Participant: 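This is the structure I have questions about; it appears just below.
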Amino acid sequence: MSQEDMSEDEKMVAQEAENLEEKANDKNFDEENFGEDAPESDDAKLAEEWAMALANDEQEEVKEKRKSFASEINEPIYKNLTDVAKISPQDNQKRELDFILDIPLDVSAELGRTRLLIKDLLQLGQGSVVELNKLAGEPLEIFVNGKLVARGEAVVVNEKFGVRLTDIISPIERITQLS
């Protein structure tokens, strides 16, 4: 386990074990603490063995803590929604798809199209007429997010333009438009 995955307590224990190990291997440590009366090699070896044993014990404790933490972690439980998807909606069963109802869509009605050269575009002024590719009386096309979904006729509702839908595009027609 890397140091990033350790808790603060585990990091402290590991750091203390490293410090003890460094002190046990550091000959200057004995001279600093005991001066010229530093213990002889047998005492130094004994102290080193004790330091190593303590470091090993602390490392074992850390390993045990890791094992106990790992055993507490449960595998995620996933709900099987296959059967729910197969159920047809009935009066008493409402599908939980309400979140889809809040997704915004761009709806546009197209009266017609044309192509202009830049010089013709620059010559347009107030009162100019731009000829479109549709004939008068032909249905408008209704696009949702850029995809043709219906056709209809222009109407005026409360002094605003609207479209009365006369034809909904079938899924087969939508597929043929893609190719």
Side-chain angles (χ1 to χ4, degrees), residues 1-18 58-179:
M1 184 177 278
S2 69
Q3 285 218 356
E4 296 169 359
D5 297 335
M6 292 182 181
S7 70
E8 291 299 319
D9 292 336
E10 291 172 337
K11 288 180 185 177
M12 262 188 356
V13 168
Q15 183 64 37
E16 187 64 31
E18 287 176 20
E58 289 176 353
Q59 287 177 350
E60 289 297 322
E61 288 177 19
V62 169
K63 286 180 184 176
E64 289 298 320
K65 283 184 181 179
R66 287 182 193 159
K67 286 180 185 177
S68 68
F69 288 139
S71 65
E72 292 175 9
I73 297 174
N74 296 328
E75 287 295 318
I77 300 171
Y78 298 103
K79 188 175 181 180
N80 186 354
L81 298 176
T82 307
D83 296 333
V84 175
K86 290 178 183 177
I87 297 173
S88 62
Q90 297 173 358
D91 292 336
N92 60 352
Q93 290 181 329
K94 182 180 177 188
R95 287 204 149 153
E96 297 296 326
L97 298 177
D98 290 339
F99 64 92
I100 292 178
L101 300 177
D102 293 331
I103 297 174
L105 301 171
D106 293 324
V107 179
S108 60
E110 187 176 281
L111 186 61
R113 294 181 184 207
T114 193
R115 271 191 111 88
L116 291 176
L117 298 174
I118 293 177
K119 69 177 183 176
D120 295 335
L121 180 67
L122 293 173
Q123 291 176 355
L124 292 177
Q126 189 172 0
S128 298
V129 176
V130 178
E131 186 178 340
L132 301 175
N133 64 346
K134 295 245 181 163
L135 299 174
E138 271 190 73
L140 304 176
E141 293 180 333
I142 311 303
F143 293 91
V144 175
N145 283 353
K147 304 290 184 209
L148 179 65
V149 294
R151 291 188 181 87
E153 56 188 32
V155 295
V156 176
V157 180
N158 296 332
E159 299 182 11
K160 292 185 179 180
F161 284 110
V163 180
R164 178 180 295 125
L165 300 180
T166 58
D167 182 31
I168 304 293
I169 304 298
S170 70
I172 294 171
E173 286 181 81
R174 285 185 230 151
I175 292 170
T176 56
Q177 289 175 1
L178 294 174
S179 57

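Just the heavy atoms: all of them, side chains too, but no hydrogens, waters or symmetry mates, feed the values below. Everything quoted here is computed from the prediction, not taken from an experiment.
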Participant: My understanding is that only residues two or more places apart in sequence, or in another chain, count here; which of them pass side-chain contact (heavy atoms from CB on, under 4.5 Å) with I168?
Facilitator: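 By the side-chain contact (heavy atoms from CB on, under 4.5 Å) rule, I168 matches A150, L165.
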Participant: Distance check, rounded to the nearest 0.5 Å: T114 atom OG1 versus K134 atom NZ?
Facilitator: 13.5 Å
Participant: Working to the nearest 0.5 Å, report the span between CG of L124 and CG of D120.
Facilitator: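 CG of D120 is found 7.5 Å from CG of L124.
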Participant: Can you name the residues that form a side chain to side chain donor-acceptor pair (under 3.5 Å) with E153, not counting sequence neighbours?
Facilitator: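 Applying side chain to side chain donor-acceptor pair (under 3.5 Å) to E153 gives R164.
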Participant: Run the salt bridge (charged side-chain N to carboxylate O under 4.0 Å, His left out) test against D167 and tell me which residues pass, sequence neighbours left out.
Facilitator: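 For D167, the residues satisfying salt bridge (charged side-chain N to carboxylate O under 4.0 Å, His left out) (neighbours in sequence not counted) are R151.
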Participant: Around atom CG of L111, are there more than 12 heavy atoms of other residues, nucleotides or ligands at under 6.0 Å?
Facilitator: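 No, because the 6.0 Å sphere around CG of L111 holds 12 heavy atoms or fewer from other groups.
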Participant: Quick one: list whatever passes salt bridge (charged side-chain N to carboxylate O under 4.0 Å, His left out) with R113, sequence neighbours left out.
Facilitator: E110
Participant: For I118, which residues count as a side-chain contact (heavy atoms from CB on, under 4.5 Å) partner, sequence neighbours excluded?
Facilitator: L122
Participant: Quick check: closest heavy atoms across V163 and A109, and the distance to 0.1 Å?
Facilitator: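 Shortest heavy-atom contact: CG2-CB, 3.8 Å.
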Participant: Indicate the atoms forming the closest heavy-atom contact of G152 with T166, along with that distance.
Facilitator: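 Heavy atoms of G152 and T166 come nearest at CA-OG1, 3.5 Å.
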Participant: Taking only residues two or more places apart in sequence, or in another chain, which ones meet K147 in a salt bridge (charged side-chain N to carboxylate O under 4.0 Å, His left out)?
Facilitator: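 K147: no salt bridge (charged side-chain N to carboxylate O under 4.0 Å, His left out) contacts found.
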Participant: Are there more than 12 heavy atoms of other residues, nucleotides or ligands under 6.0 Å from atom CZ of F161?
Facilitator: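 Atom CZ in F161 is not crowded, with 12 or fewer foreign heavy atoms closer than 6.0 Å.
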